[in-house]
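Encoded as structure tokens, the structure appears first; notes follow it.
Remember, it's 1-based here, ligands and their atoms both numbered in the order they're listed. The first residue of the sequence shown is numbered 1, and numbering continues consecutively from there.
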Amino acid sequence: MNHFFDSHCHFDFDHFDKDRSAVWQQAQALGLQGVLIPGVTPSQWPQAQLLSQQLQGGLYAIGLHPWWLNAYLSQSECDKNDWAINDWAAHLVQCMAPFAKDQHCKAIGETGLDACMPPSKQVSLDKQQAMVSAHLRCANHFKMPVILHCRKAHNELLACLDQVKPVAGGVLHGFTGSTQLAQNYWRRGLRIGVGGSITYPRANKTRQAIQALPDEALVLETDAPDMPLSGKQGQRNSPEYVPQIAQALAALRGQALDCVTQYTLYNSRKLFDF
Ligand SMILES: [Zn+2]
């Protein structure tokens with residue numbers, strides 16, 4: 001049987017509250033070996049930690065997602081425009097330290113830049129960039145990889161990576177974009193998270209980019225409950241669909257399924273040290 005790892009799955013979200021154990025059993029029956037649950041905001045880290053401990057092969061990350069940044073800033077005392085990146089990094093290191101010691105905690109993130117957020121969550125790109133830079137420093141402090149999210153702000157994100165190079169690497173998750181863009185991340189030591197977007201026949205640019213990368217660059221992810229596969233638009237995405245993403249990747253790259261599952265699992269292991 002082929003073994004898969006879902007490198008980005010928000011399995012702690014309430015979308016799965018009603019049937020989490022049934023979904024998990026089904027995913028395991030299909031060969032899922034484990035998931036990494038990303039952090040989105042400090043108050044959610046304990047729930048990601050708890051769930052990752054309950055699941056066989058469960059891992060998690062700690063970070064402040066750009067969509068949660070506004071709420072975090074408005075309720076914490078740290079909303080000072082003059083806060084330097086050093087201060088943010090020191091603040092985050094302090095919040096993260098108790099979790100970073102946990103053997104299930106394997107990465108810093110997700111963090112990133114999002115230039116098309118819903119209006120209620122909007123926060124300036126400057127503040128988002130300061131937060132990314134702070135996360136990169138935290139990742140280097142704890143010698144952990146970083147998980148990055150990016151929508152329509154790739155040049156700015158690449159600039160952050162050039163300022164603070166992630167020593168333990170990381171992943172640009174949910175990648176969509178050109179071959180050149182994918183290479184720009186890979187050259188900077190980031191792996192590329194391959195999800196449901198490659199199952200859309202019209203996503204030519206992204207499909208070409210994923211086709212052109214070396215095996216070592218690729219990890220599988222669902223980003224569940226978001227990013228549904230082609231044919232499942234409007235439905236909840238699920239870790240049960242990782243094998244289908246692997247199949248699409250194998251077809252796209254002209255490789256055997258067991259070859260794709262082996263190298264993507266190996267890459268996830270190298271990246272998250274498990
Ligand atoms: Zn995510």
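Using a cut-off of 2.8 Å, one finds that His173 contributes no N/O/S atom close to the Zn ion (ligand 1). With a cut-off of 2.8 Å, the Zn ion (ligand 1) has no N, O or S atom of His149 in range. Put simply, Glu110 gets within reach of the Zn ion (ligand 1), with an N, O or S atom under 2.8 Å from it.
For Gln262, there are no side-chain contact (heavy atoms from CB on, under 4.5 Å) partners, not counting sequence neighbours. Under the rule for a side-chain contact (heavy atoms from CB on, under 4.5 Å), the partners of Val93 that lie at least two apart in sequence or sit in another chain are Cys138, His141, Phe142.
The line from SG of Cys105 to CE of Met144 is 4.0 Å long, rounded to the nearest 0.5 Å. Interatomic distance, Glu110 CD to Leu36 CG, rounded to the nearest 0.5 Å: 10.0 Å.
The atom name of the N/O/S atom in His10 closest to the Zn ion (ligand 1) is NE2.
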